[in-house]
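Quick notes on the structure that follows.
To find a chain, count down the sequence lines: A is the first, B the second, and so on, and within it residues start at 1. In this text the structure is predicted, and so the values were computed from the model without any measurement.
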Amino acid sequence: MRIDIVNAVKTFKGSERPAINGIDMTVGDGELVALLGPSGSGKTTLLRAIAGLETLEAGEIRFDGVNVAGRDTRDRNVGFVFQHYALFRTMTVLDNVGFGLSVRPRASRPSKAEIRARARELIRLVQLEGYEERFPAQLSGGQRQRVALARALAIDPAVLLLDEPFGALDAKVRKDLRRWLRELHDRTGHTTLFVTHDQEEALELADRVAVINAGRLEQIAPPAELYARPATPFVCEFLGSVNRLATPAGAVYVRAHEIELVPPGTPEARAAIVVAVRAAGPRVHVELELAEGGRVEAELLAEDFAATGFTAGSAVGAAIRRTHAF
Amino acid sequence: MRFARIWFLAAVLALSVPPARAETALLNVSYDPTREFYKEFNTAFAAHWKRAGGDAVRVTMSHGGSGRQSRAVIDGLEADVVTLALGYDIDAIADIRKSLPADWQTRQPNASAPYTSTIVFLVRKGNPKGIRDWGDLAKPGIGVITPNPKTSGGARWNFLAAWAWAEDSFARDDAKVRDYMAALFRNVPVLDTGARGATTTFVRRGLGDVLLSWENEAYLAQQELGRDQFEIVVPSMSILAQPPVALIDANADKHGTRKVAEAYLDYLYAPEGQRLAAKHFYRPIHPEFADPADARRFPKLKLVTLQERFGDWRATQARFFTDGAIFDQIFAKR
Amino acid sequence: MFARAASPRVIPGFGPTLGFTLAYLSLVVLLPLAMIPLKALGLSGAEVLAIVTDARTLHAIGLSFGAALAAAAVNAVLGTLLAWVLVRYDFPARRLVDALIDLPFALPTAVAGISLAALYAPNGWIGERLAPLGLKVAYTPLGIVVALIFVGLPFVVRTVEPVLEALDAEVEEAAATLGASWFAGFRRVVLPLIGPAVLTGFAMALARGIGEYGSVIFIAGNLPMVSEIAPLLIAIRLEEYNDAAAAMIALLMLAAAFALLLTINLLQAWARRRIGG
Amino acid sequence: MTLLAPRRSPLVGESATTRRVLLALALAAIGLFLLLPLATVFAEALSKGWGAYFEGLADPDARAAIRLTLLVAAISVAVNFAFGIAAAWAVTKFDFPGKSLLVTFIDLPFSVSPVIAGLIYVLLFGAHGLIGPWLIAHGVEVIFAVPGIVLATVFVTLPFVARELIPTMEMLGRGDEEVARTLGASGWQIFFRVTLPNVKWAALYGVLLCNARAMGEFGAVSVVSGHLRGQTDTMPLHIEILYNEYNFVAAFAVASLLALMALFTLALKSALEAVTENPGR
């Protein structure tokens, strides 16, 4: 199913600034799109508006071209996974997953046995066999997350909406689940929108990433394009570590790994002194004091840095391979 | 709200069940110390009514402080007859509710009082404080228990008896009478709301040295709660307390019980009613019908009547007991 | 669907539940309570003035408030102690004691009053032990306070218990690592956190105490200007067929109760904002 | 110190002596203010032995009072339960202006003097009340009959269920209901399948307290009852009657029955809490 968001605006009572302020975007059928932005940027509000949990004050949300403004959450057929999962604590895993089917109107409600079978199937899909009779309190964070996902999938939603799906998990589990979610998406093909503030997560997982800031859409593009051709300074600064250089023509942006360290005096390179070197696993961050004034940070592989022979205090040349100007 | 509607229906159904009324039911709204007497009298009357060819009659009782009971009848408690502690409480029903004629008191003999009583003292065994008469009650160090004249009919009789004695003793010197009353109430540590409460305080809680009490109540307390612990002291004079009875016409007519209700009241004056009254320590107006042994129990003493000393109840109430009247003044001076 | 767009209601049932709540509340509480001001309206200004400046009325209201205040204060301390002991310690019969706390909610007030009077009367089990000390409880204002302590005891315990239960142990430990003694830790760290709950319980006990009748009249003595409480005065005015005066006194008490409750609710809202209850 | 083991990590620096002193103080207070009055009730009830005790309970008027009390409590609990659920739902699941005021009105019966609670119904339904004359003319008995007693009891016990549910549902938030909605559940399905299981203990606790108070209410009911023996006397009123008849044993026997019901209720509540404290319930 395709989702069109047309000039969406929403202001919360008591707040002067709109939480979302004229967002236009389209999510294609079967696409996996990330809503990326800092906290408070309005991305969760947008997600909730799509689910009908918030009502827009202006603009439209269309499912396959049909405006859903008057349509109740209940009738939108969205699978929503909440940030803290909101599992029903009084129900077993099996009952949680089967809930959506069991509350269907009698006419379209599958039989009890069918509901159980479908729930078991989904539990298998999220790799939680053997946990059917557990209660949410007896599960780990990652397991709860997967139950929430299975529960959302059980109603065979037209669109899957995930709010910070990995936000409450530790780094290792996050990575595993991320990969698993991508595989799951490729297998089931649901139109999926997820909210995250983690750029790495967005870039790695999504077909396209929508960067949201202060209620506005900064840019929506495939990860590679977003990275290569950021449309706004915000997008550029939000993705990866970026240096801002003042030039006579205005500010330009340089990514840390697009600064190369060369012997001093190399043509086209700027003179600089190494101020500090910080190792971060396989990479090092090198802080440079430019002769023309200002500091920049370069990032390179530890072995490449070792090969240059520079240390703190060395005079070097900083060759800037690429700049972004707006 | 299907669910709420079901609850609501259930509530309405439960509420609409009318209180059970037997074939012939009478409601007698009375005051506190008549419980034992009417319990026995009602049985006797039911038998009498049946013998006379009437239906089975069941008399329901409601007891409480006389003022509260009067108030309840005014507010809609559908008494067929009232048997209260003093005329004022029935006057109020006639005046405010207008459910019986203002001259109700003339409808039955003896100002509608089939039995009378008086006010006596109940003291602890051996009368350790040597309390003999009203004058002793005002002495320092004596604890006097009486209920609140504002809420208790008996307490109003107590007050008037003391007042009458003081008038006689102090040659009707109003200031001295008031001083005496103030001294008496200085000795009162507790004002219970009803006669029964006061008796309990004196007998069970061990408070005070003397209880001012209905004569019948004093005998009953002695009988029920320990003859060996309490003595009755009869003062030199007291007041003739006349607890009246009346038919509440409007209610009796509405229930169609006028005939049986009138018979009920008449039976109070009949030999059997008089005998039972005496048995329960009420002074029958026809002592000849009382069991001689019962009649002998009533000591002779000088009794003044409300009528001769204070006039009618409406005037007495206004003079002594309404808000800001003599009782309040005395209590403020205490 | 203007209303819908203006205020989104994702969860269904707003109209029916609020409608039922308001209708029920109006029918059972507000309409009957409106009789009080309605009746008091029948009084002229001078009559109102006479009632509210009458020494006896003022004394009765003062006594009801004063005794309720004293009892609520005792309950604030006692209730906090009980809540602390029940939440923090394990001892035999803890559950039983915990269950007993609600007894005053359940025992008819008249029974409580009679029992307390029997215990604290000069010839009662406690009264005869206090008498040699020259301490009279039953039939004095002190007796009223005792009855109100009984009636109000559950409030503070039941408001403080859940807060203590939810209290983060790390906060206390942090205080200890900073060198605080037990008492300092309690006073400076725990007390501020349970403070709003204690205050709520205190105010509820106070509100309940001001109006209490059944348990008090058996132990109070009921002497005008000494131990006569405001509800008794209302009852007396009613028996004098002076409904307007009764309603006027009732109105004063109602206003006080309403003000107290509103304060509690605002206090709770404030506490929620401040410490995220 | 197995006897006085702290249930959770003790306040650091809290010595065993401190604990013992605090516990002793607490138990003394319980004994003085709760246990002794309770013991008095039972001591008086049994002062003439078991025979007299059961005689007091077997009296037809006593049984009528017990029946009436149970009926009144059942109705009060049922309607106030429905009200409590609706009020808690409205207050916790939605935002609307005047919510604080509404909650205050719900609390109001807590702090209205029982005398006033009775008085308002007399002023409303009495023969000289606002609608009393009309009702009486149409043969509807409210005051001095069972409906009046029910109304006064409903008034007094109105806040209990709502008061238990509101904080619990406030704490649980709206997330579960929102999820259920996205999964397609109707309002009733959300309530019965999601909300009610979450708050069932709180609701039950509220019901138990409501019931206990409904059975024990004295002041308000006393004003509207009319004290018709065997007809409009509830257990607390019957206790007063027996007490005033110097029938102390029977009075306290009925009182002990109420106390027993209360204790049973409270024990039940306590057991419920034990269940809820277990993980993975």
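You'll find the side chain of B:D328 stays beyond 4.5 Å of the side chain of C:P224, heavy atoms only.
Per-residue heavy-atom pair counts under 4.5 Å with chain B were compared for C:V226, C:D54, C:T140, C:I236, and the maximum is reached by C:I236. The choice from B:G324, B:G197, B:P189 that makes the most heavy-atom pairs within less than 4.5 Å of chain C is B:P189. Between chain C and the residues B:T322, B:I74, B:L191, the most heavy-atom pairs under 4.5 angstrom are made by B:L191.
For C:A138, no part lies near chain B; criterion is any non-hydrogen pair under 4.5 Å. Of the atoms belonging to C:L232, it is side-chain heavy atoms, and not backbone ones, that fall under 4.5 Å from chain B. Contact of B:F321 with chain C is made through the backbone alone, with heavy-atom distances under 4.5 Å. With a 4.5 angstrom heavy-atom cutoff, B:Y88 touches chain C only via side-chain atoms. Using a 4.5 Å cut-off between heavy atoms, C:I219 does not touch chain B at all. Neither the backbone nor the side chain of B:D75 comes within contact range of chain C; no heavy atom of the residue lies under 4.5 Å from a heavy atom of that chain.
Nearest heavy-atom pair across B:G67 and C:Y241 is O-OH, 4.4 Å. The heavy-atom pair separating C:N123 from B:G206 by the smallest distance is ND2-N, 3.4 Å.
Distance CZ/B:R68 to CG/C:L238: 12.0 Å, rounded to 0.5 Å. Between the CZ atom of B:R205 and the CG atom of C:L119 there is a distance of 9.0 Å, given to the nearest 0.5 Å. Between C:I217 atom CD1 and B:N148 atom CG the span is 11.5 Å, to the nearest 0.5 Å. To the nearest 0.5 Å, atoms CD (C:E239) and OG1 (B:T193) are separated by 8.0 Å. Note that the CZ atom of C:R237 and the CG atom of B:D323 stand 4.0 Å from one another [nearest 0.5 Å].
Using a 4.0 Å cut-off between charged side-chain N and carboxylate O, C:E240 and B:K150 make a salt bridge.
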One pair to check against side chain to side chain contact (heavy atoms under 4.5 Å, CB included): C:L223 and B:F331. What are the steps and the verdict? CA-CA 9 Å; C:L223 294 176; B:F331 217 90; 3.8 Å; yes
